[in-house]
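Chain letters run A, B, ... following the sequence lines, proteins first and then strands; every chain starts at 1.
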Amino acid sequence: MTGTITINGQIVPFQAGQTIIEAATAAGIYIPHLCHKPGYTPHGSCKLCTVNVNGRNCSACTFPAVDGQTVINNSAELQQDRRRITQMLFVEGNHLCPSCEKTGNCQLQGVAYYLNMTDNHFPHFFAHREMDASHPDILIDHNRCIFCNLCVRASKEKDGKNVFAIAGRGINKRLVVNSVSGLLKDSDVSIDDSAVHVCPTGALLIKRTGYQVPIGQRIYDHRQISEVALFAEGSHEQ
Amino acid sequence: MKTFIQTVLAEADARAVNLLQILRAVQARYQHIPEEAIELLAEGLSIPRTQILGVAEFYSFLHITPQGRYDLLISDSITDRMLGNQFVLDYLAERLAVQVGQVRADGLVSLNRTSCTGMCDQGPAGLVNGLALTSLDIARLEEIVELVNQQTPLSQWPATLFAVADNIHRPGLLLSEPLVAGDALRAAFGRGLPETLEELDRSGLRGRGGAGFKTVVKWRFCADEPADTRFVVCNADEGEPGTFKDRVLLNSYASQVFEGMTLAAALIGAQQGFLYLRGEYLHLHEQLQGVLTERRASGLLGENILGLGLNFDIEIRLGAGAYICGEESALIESLEGKPGIPRNRPPYPVTSGYLNKPTIVNNVETFLAAAHIAVRGGAWFAAVGTEKSAGTKILSISGDCARPGIYEYPFGTRIRQVLEDCGAVDVLGVQIGGPSGTFISNRELDRALAFEDLATGGSFIVFNCSRDILRIVQNFTHFFAHESCGFCTPCRVGTSLLKKQLDKIVDGHGSAGDVVELENLCQLVKHHSHCGLGQTAANPILSTLERYPDVYEKQLKQISYEPGFDLDGALAIARRMAHRDDAAAHLSQLED
């Protein structure tokens with residue numbers, strides 16, 4: 001089932017089993033995303049990668065490429081909706097970019113820059129969320145969790161552990177840790193786990209590494225997330 | 001506790017796929033899922049404890065903190081509100097000395113609200129330890145208070161408290177024609193299975209859950225999928241507020257529904273079926289088990305059914321308070337013992353459903369109709385209804401009408417006719433298809449009940465002119481925010497933002513800009529959500545904004561912008577700390 005699809009009028013080849021985002025990335029087309037990462041089971045929850053396929057909105061990270069599809073990725077309407085969805089993620093948690101040690105290296109912030117988001121637009125939820133600083137090397141700031149499930153998938157699929165999971169329903173969702181106390185220090189997490197390095201925001205942080213690269217010299221301080229993602233993810237081609 | 005958990009695990013074959021049933025058993029025993037149970041279950045099932053926590057925190061009827069030994073939940077559907085559920089809550093709170101949302105200090109009783117319990121024709125309704133309570137008037141409330149205070153075991157409560165009436169007011173094609181058990185199967189095998197599929201095709205039957213996909217197409221897709229195992233699932237997670245027809249079908253027509261499932265199994269080649277029964281219908285559980293036992297004894301279930309070479313059996317699985325499980329892929333996840341989060345599609349359940357095997361999920365009414373079609377033929381069914389909507393539709397009618405209950409109509413019937421029959425006068429509008437459907441005004445009563453015009457899973461809520469549109473919409477919008485599974489951003493955050501934005505307007509803090517903002521937000525949630533819940537969550541707002549813009553307008557302040565933030569209220573803590581409350585310690589909010 002090899003074939004071609006059109007993305008914004010550009011003919012893009014795909015291989016059997018590829019999703020739209022995989023075909024796009026291979027062709028050098030960036031589709032904004034947060035919960036998607038090459039090499040991980042697609043999740044389809046953040047909805048930033050929503051594209052219009054033959055007139056219907058679909059998540060590019062889960063939707064299979066099928067010969068002859070017409071995909072719209074960069075309409076003004078889609079970009080506006082993606083900006084709003086990003087703003088939703090910002091108001092749901094408590095994101096304080098200027099004081100966050102992940103600033104400049106944060107994908108949520110990088111996507112916000114890319115989408116030209118200049119304010120949060122929606123009223124804030126001011127959710128009361130705890131911090132888990134119990135572990136000697138790893139910190140969880142629940143204020144910044146966007147429920148992308150990457151740490152959950154990484155722990156299960158890459159590390160062969162089950163350190164993280166998402167519990168709760170609706171707006172009360174929360175990241176939980178697999179230990180009797182619920183604290184990270186009592187889990188079998190290790191600083192070498194993929195799970196603690198995969199977080200697209202500042203929810204999972206490695207202690208004492210925060211300011212080794214000064215603010216202003218970080219990834220998205222100089223380069224668009226589109227460019228960074230295409231470079232990194234294009235080389236992960238499966 | 002260890003012995004109890006071991007028994008529960010043994011009963012569930014110690015399979016993680018039965019986790020929801022296991023947790024229901026633990027909850028029933030301890031009024032919550034204790035920490036110790038989580039540890040024992042994690043060990044016994046060889047799964048991470050977080051997986052148990054994930055399920056326990058997802059379903060409304062499961063708790064990780066103790067509930068009262070008598071756990072009272074009062075239905076908060078709009079019809080229960082109209083019938084005075086607030087009075088019920090206030091009365092119980094006062095007489096039982098417990099606050100709404102709390103457990104009494106001695107742990108005897110807890111009181112809370114819950115989403116629609118499917119008793120809209122006999123509200124205000126509620127649940128006690130999961131069992132349905134109906135028509136809660138003062139006499140019955142007083143009886144309940146006495147029983148709780150005397151700590152009478154539920155098994156000794158008078159049966160009258162749990163009586164649930166069918167209220168069938170207008171039987172039609174399906175509800176009035178009797179069907180002898182086994183006849184549908186005999187007819188199908190007698191005619192030939194491929195020929196029976198042809199009849200089903202000829203009947204034009206479309207799924208009765210609301211979406212209206214042609215039943216035979218779904219069944220053929222599933223049958224054609226290469227696989228060694230296939231499943232038949234009956235979706236009895238009737239959670240749409242105002243819908244209760246499945247409750248009646250399962251109470252009085254269960255054998256026919258099971259026959260329809262068995263027919264489906266024969267046609268698609270399945271050996272196992274599930275009835276996914278919403279937790280709110282716990283009162284039907286034992287009775288339904290009885291019907292299954294009876295059918296097994298009559299050779300209508302099990303090995304070599306009626307000597308026809310068909311092997312098939314049905315298991316009942318109970319939900320635990322999550323509206324989203326009515327979505328077919330969420331229902332399958334729930335059957336697998338997981339939180340009810342809708343799956344990504346493709347693949348669709350017909351190719352990859354329960355345990356990733358081809359699975360058909362159909363509504364209770366669909367199976368009932370299929371059984372009748374197998375006996376009486378496709379032409380019999382297709383002769384009734386309209387061109388694109390064959391047959392009849394069973395409606396649950398509630399709200400402002402003299403005779404709430406069950407009505408069966410041929411498709412194409414005018415709404416006006418339905419309203420006349422149920423005794424609705426002075427009609428303001430009708431919510432058709434529940435909150436996720438359409439609110440039509442009294443200027444549209446000549447519209448027709450049909451997939452071509454007004455499709456519905458079965459919910460008709462009638463409102464008379466004394467009702468406040470905004471309060472209705474507010475109830476529905478809060479419902480969706482509460483029931484969002486939270487998987488995707490636009491629905492998780494969006495439904496909560498809709499609730500905030502609508503509340504701001506209803507509470508009198510809205511200005512013209514807020515309505516524009518509300519509308520934009522509606523479109524965003526509608527067009528970007530992962531599943532039907534989010535895609536329809538804004539419908540109550542959108543359909544009333546379209547029909548009653550003046551009602552919204554009247555509620556607005558005549559300024560360009562009004563913040564939702566209470567400036568003076570935010571200073572309360574500062575005033576308390578500074579021990580002052582003089583005029584200068586207050587700030588007014590923009591121009592008054």
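- No side-chain heavy atom of B:Asn344 sits under 4.5 Å from any side-chain heavy atom of A:Cys61.
- A:Val177 has its side chain out of reach of B:Thr50: every pair of non-hydrogen atoms, C-beta onward, lies at least 4.5 Å apart.
- Heavy atoms closer than 4.5 Å to chain A are found in both the backbone and the side chain of B:Ser60.
- Within the 4.5 angstrom heavy-atom criterion, no atom of A:Ser59 approaches chain B.
- For the options B:His482, B:Gln51, B:Arg345, heavy-atom pairs under 4.5 Å to chain A are most numerous at B:His482.
- Of all heavy-atom pairs spanning A:Ala167 and B:Leu53, the tightest one is CB-O, 4.0 Å.
- Crowding of A:Lys156 atom NZ: a count of heavy atoms from other residues, nucleotides or ligands under 6.0 Å not exceeding 12.
- Heavy-atom neighbours of B:Glu43 CD from other residues, nucleotides or ligands within 6.0 Å: at or below the threshold of 12.
- A heavy-atom distance below 4.5 Å is not found between the side chains of A:Val176 and B:Arg49.
- Between chain A and the options B:Glu39, B:Gln523, B:Glu483, B:Gln501, the largest number of non-hydrogen pairs under 4.5 Å is found for B:Glu483.
- For a residue to count as touching a neighbouring chain, one of its non-hydrogen atoms must lie under 4.5 Å from one of that chain's; by this rule A:Ile171 touches chain B with backbone and side chain alike.
- Within the cation-pi definition used here (under 6.0 Å to the ring centroid, within 45° of the axis), B:Lys500 does not qualify as a partner of A:Phe122.
- When heavy atoms are compared at a cutoff of 4.5 Å, A:Leu175 does not approach chain B at all.
- When side chains are defined from C-beta on, A:Pro64 counts as touching B:Pro346, because their heavy atoms get closer than 4.5 Å.
- Between the side chains of A:Asp81 and B:His528, a donor-acceptor pair is found at a separation under 3.5 Å.
- For the pair A:Ile85 and B:Pro490, the tightest heavy-atom approach, listed with the atom from each and the gap, is CD1-CG, 4.3 Å.
- Looking only at distances, a side-chain donor or acceptor of B:Thr489 sits under 3.5 Å from a matching main-chain atom of A:Cys46.
- Between B:Phe487 and A:His43, some side-chain heavy-atom pair lies under the 4.5 Å cut-off.
- Only the backbone of A:Ile146 comes within contact range of chain B, with at least one heavy atom under 4.5 Å from a heavy atom of that chain.
- Once rounded to the nearest 0.5 Å, the distance linking CZ of A:Arg84 with CG of B:Leu521 reads 9.5 Å.
- A:Met88 and B:Gly494 make their closest contact through CE-CA, 3.7 Å (heavy atoms, listed as atom of the first residue, atom of the second, distance).
- Proximity to chain A is limited to the side chain of B:Glu35, based on heavy atoms less than 4.5 angstrom apart.
- Taking chain A as the reference chain and counting heavy-atom pairs below 4.5 Å, the highest number among B:Ala42, B:Cys485, B:Gly340 is found for B:Cys485.
- Of the two parts of B:Ala56, neither the backbone nor the side chain holds a non-hydrogen atom closer than 4.5 Å to a non-hydrogen atom of chain A.
- Top candidate by heavy-atom pairs under 4.5 Å with chain B, chosen from A:Thr62, A:Thr50, A:Asn172, A:Asn149, is A:Thr62.
- A donor atom on one side chain and an acceptor atom on the other are found under 3.5 Å apart for B:Glu517 and A:His121.
- With hydrogens and angles left out, the side-chain atoms of A:Ser45 and B:Arg492 include no donor and acceptor closer than 3.5 Å.
- For a residue to count as touching a neighbouring chain, one of its non-hydrogen atoms must lie under 4.5 Å from one of that chain's; by this rule A:Asn57 touches chain B with the side chain only.
- With B:Glu57 as the fixed residue, the salt bridge (Lys or Arg N to Asp or Glu O under 4.0 Å) test singles out one of A:Arg174, A:Arg169, A:Lys173: A:Arg174.
- Of the listed residues A:Phe125, A:Phe147, A:Phe164, the one with more heavy-atom pairs under 4.5 angstrom with chain B than any other is A:Phe125.
- Contact of B:Ile38 with chain A is not made at all, since no heavy-atom distance falls under 4.5 Å.
- Using a 4.5 Å cut-off between heavy atoms, B:Pro339 does not touch chain A at all.
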